[in-house]
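Report on one structure; see the data block that follows.
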Protein chains: 2
Amino acid sequence: MAHIVKSQTRRRRKRGEPGRTRGSAISDLTAQRLSIYLRCLDELRRAGVETVSSQALARQFQLHPAQIRKDLACFGEFGVRGVGYVVADLRRNLVRILGLNRDRKVIIVGAGNLGRALADYGGFNQEGFSVAGLFDSDARKIGRATRGGVPVRAMRSLPALVRRMRVGLAVLAVPATAAQKVFDQVVEAGVRAVLNFAPARLRGRRGVIIKAVDLKIQLENLVFHLIRSRGAV
Amino acid sequence: MAHIVKSQTRRRRKRGEPGRTRGSAISDLTAQRLSIYLRCLDELRRAGVETVSSQALARQFQLHPAQIRKDLACFGEFGVRGVGYVVADLRRNLVRILGLNRDRKVIIVGAGNLGRALADYGGFNQEGFSVAGLFDSDARKIGRATRGGVPVRAMRSLPALVRRMRVGLAVLAVPATAAQKVFDQVVEAGVRAVLNFAPARLRGRRGVIIKAVDLKIQLENLVFHLIRSRGAV
DNA sequence: ATGTGTGAAGTGCTTCACAGCG
DNA sequence: CGCTGTGAAGCACTTCACACAT
């Protein structure tokens with residue numbers, strides 16, 4: 001996946017500090033790792049582990065201890081010297097820092113195979129996210145529902161729903177040719193962040209965050225490394 | 001997307017040079033951009049553009065001209081001074097460098113919503129990739145087929161198929177709890193590179209390349225930036 | 001005149017190493 | 001003593017700026 005959100009350390013913070021940040025800005029790489037840490041902590045919690053040192057975390061999940069400490073230190077002092085981190089506490093803090101304590105509405109545009117799969121994907125409808133709507137422009141799909149029971153709505157009804165439900169996020173699962181047009185539409189409706197599955201490079205807009213997830217680029221990248229790692233395959 | 005393939009510039013090249021590399025190793029970031037360049041060139045070709053300068057490419061696709069030149073220069077001198085790059089030529093070279101001129105077999109493990117959607121996804125069955133099989137461990141799914149007509153096979157038959165068809169790549173679309181086990185199975189069968197959609201951190205194995213595509217991490221990351229970019233939402 | 005290819009400078013990310021605290 | 005938090009060092013990636021080719 002190629003991101004549009006690139007290094008932003010240069011960008012200064014301006015307003016209130018929703019995560020109680022210490023020091024300037026947070027790099028995107030750090031932000032991504034916070035989510036990974038959260039996953040790891042969930043796993044440890046399920047395993048009944050109560051405290052964990054950065055070293056133990058790093059060993060188990062193949063990270064670097066100093067990096068974990070540095071990443072966390074951006075937001076406060078969560079550790080106990082001589083002991084490590086209390087799993088439950090750190091988890092709660094990460095949830096807060098990542099803004100997952102409030103429910104976020106997501107719309108999915110494109111009710112093809114992928115769009116329907118995403119609409120039914122459990123991960124979206126738990127822990128902080130909920131699917132507010134699934135849209136398509138194909139009249140034959142509109143009105144029908146996914147296996148999971150999510151109805152397909154007309155694009156025409158998108159702006160009203162986005163405003164009414166205060167939807168901030170959109171997932172684009174449309175063909176590459178439609179991607180830019182659909183992007184413009186959802187932004188116009190009020191969406192502030194977009195996860196793009198279409199294999200197209202979107203022309204962004206000020207204040208709108210874009211992340212691209214491109215399966216073919218991922219596969220191509222695997223092949224690239226594969227070829228070079230040993231003598232062919 | 002959080003990758004496991006991290007910076008590898010330090011790693012020295014050892015054997016033959018399948019992409020005719022000049023100078024030591026290629027960074028993963030460069031590799032990912034090569035795929036992006038290929039996409040851009042396809043778009044330009046469709047638009048009937050015959051030559052393009054790094055500057056024009058960069059403007060149109062929001063990249064940096066020097067970076068494009070540097071990335072390409074790793075593999076040879078493809079440009080014409082005073083003119084730019086011949087779209088068709090550069091495209092052909094990128095296809096070769098990325099190893100897309102040969103067909104790659106891919107298996108998909110997990111025939112849930114996502115797995116089936118991926119099996120039917122057009123992008124996999126064109127331009128260098130083909131789905132060699134879709135597998136699941138659920139007896140109720142085995143024998144049935146996706147909308148696109150891809151049959152679901154038993155996990156038991158996986159190793160034989162991987163060997164017979166020389167499958168090098170696997171896509172994991174299984175629940176997080178099953179991910180590590182399935183990973184070990186496909187690696188044991190001979191797969192050398194894995195694209196992991198399961199929200200779990202895989203414990204890798206020497207010589208096996210892993211890329212993780214985690215939807216929830218992507219969404220979380222969007223929210224993170226969203227919260228910080230302006231005063232809430 | 002125009003645009004590549006590339007050493008050098010600039011920037012940001014990661015890792016080290018240790019002071020300081022429990 | 002063990003482990004965090006952190007300045008400093010190391011390393012990798014990006015961008016600049018210009019020699020050189022056409």
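Here is the naming used below: chain letters follow the sequence lines, and residue numbers restart at 1 for every chain.
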Classify A/Ser54 by what it touches in the nucleic acid, base, sugar-phosphate, or nothing, heavy-atom distance under 4.0 Å.
sugar-phosphate

Test item: side-chain donor near acceptor, A/Gln180 and A/Asp184, under 3.5 Å:
yes

Provide, to the nearest angstrom, the distance between the CD atom belonging to B/Glu77 and the C1' atom belonging to C/dT6.
10 Å

Quick one: is B/His64 getting a side-chain N or O under 4.0 Å of the D/dC13 phosphate, OP1 or OP2?
no

Would you say B/Asn196 and B/Lys211 are linked by a side-chain donor-acceptor pair, where the criterion is simply a distance under 3.5 Å?
no

Rounded to the nearest angstrom, tell me the gap between atom CD in A/Gln55 and atom C1' in C/dC16.
13 Å

Rounding to an integer number of Å, can you tell me how far A/Gln67 CD sits from D/dC3 P?
20 Å

Do A/Val223 and B/Phe129 have side chains that approach each other closer than 4.5 Å (heavy atoms only, starting at C-beta)?
yes

Between CZ of B/Phe75 and C1' of C/dT6 the distance, given in whole Å, is 16 Å

Walking DNA chain C from its 5' end, the first of B/Ala66 and B/Val83 to be reached, judged by nearest nucleotide, is B/Val83

Assess the residue pair B/Glu43 and A/Arg201 against the criterion (salt bridge (Lys or Arg N to Asp or Glu O under 4.0 Å)); give the C-alpha distance rounded to whole Å, side-chain angles, the decisive distance to 0.1 Å, and a yes or no.
CA-CA 10 Å; B/Glu43 207 167 301; A/Arg201 227 178 144 65; over 6 Å; no

Integer-rounded Å distance: D/dC13 C1' and B/Leu63 CG
15 Å

Has B/Tyr85 got a side-chain N or O lying under 4.0 Å from the OP1 or OP2 atom of C/dT2?
no

Whole-Å distance between D/dG7 C1' and A/Arg69 CZ?
13 Å

When rounded to whole Å, the CG to C1' distance for the pair A/Asp71 and C/dT15 reads 12 Å

Between D/dG5 (P) and A/Leu57 (CG): distance, integer Å
13 Å

Side chains of B/Asp71 and B/Tyr37, donor plus acceptor under 3.5 Å
yes

Ignoring backbone atoms, test whether B/Ser27 places a side-chain nitrogen or oxygen under 4.0 Å from the OP1 or OP2 oxygen of D/dA12.
no

Which of these nucleotides, D/dT4, D/dT6, D/dA21, is closest to any side-chain atom of B/Arg81?
D/dA21

Ignoring backbone atoms, establish whether A/Arg33 has a side-chain N or O less than 4.0 Å from OP1 or OP2 of C/dC13.
no

Closest nucleotide of DNA chain C for A/Val80 versus for A/Thr30: which of these residues is on the 5' side?
A/Thr30

Can you say whether a donor on the side chain of A/Lys70 sits under 3.5 Å from an acceptor on the base of C/dT15, or the other way round?
yes

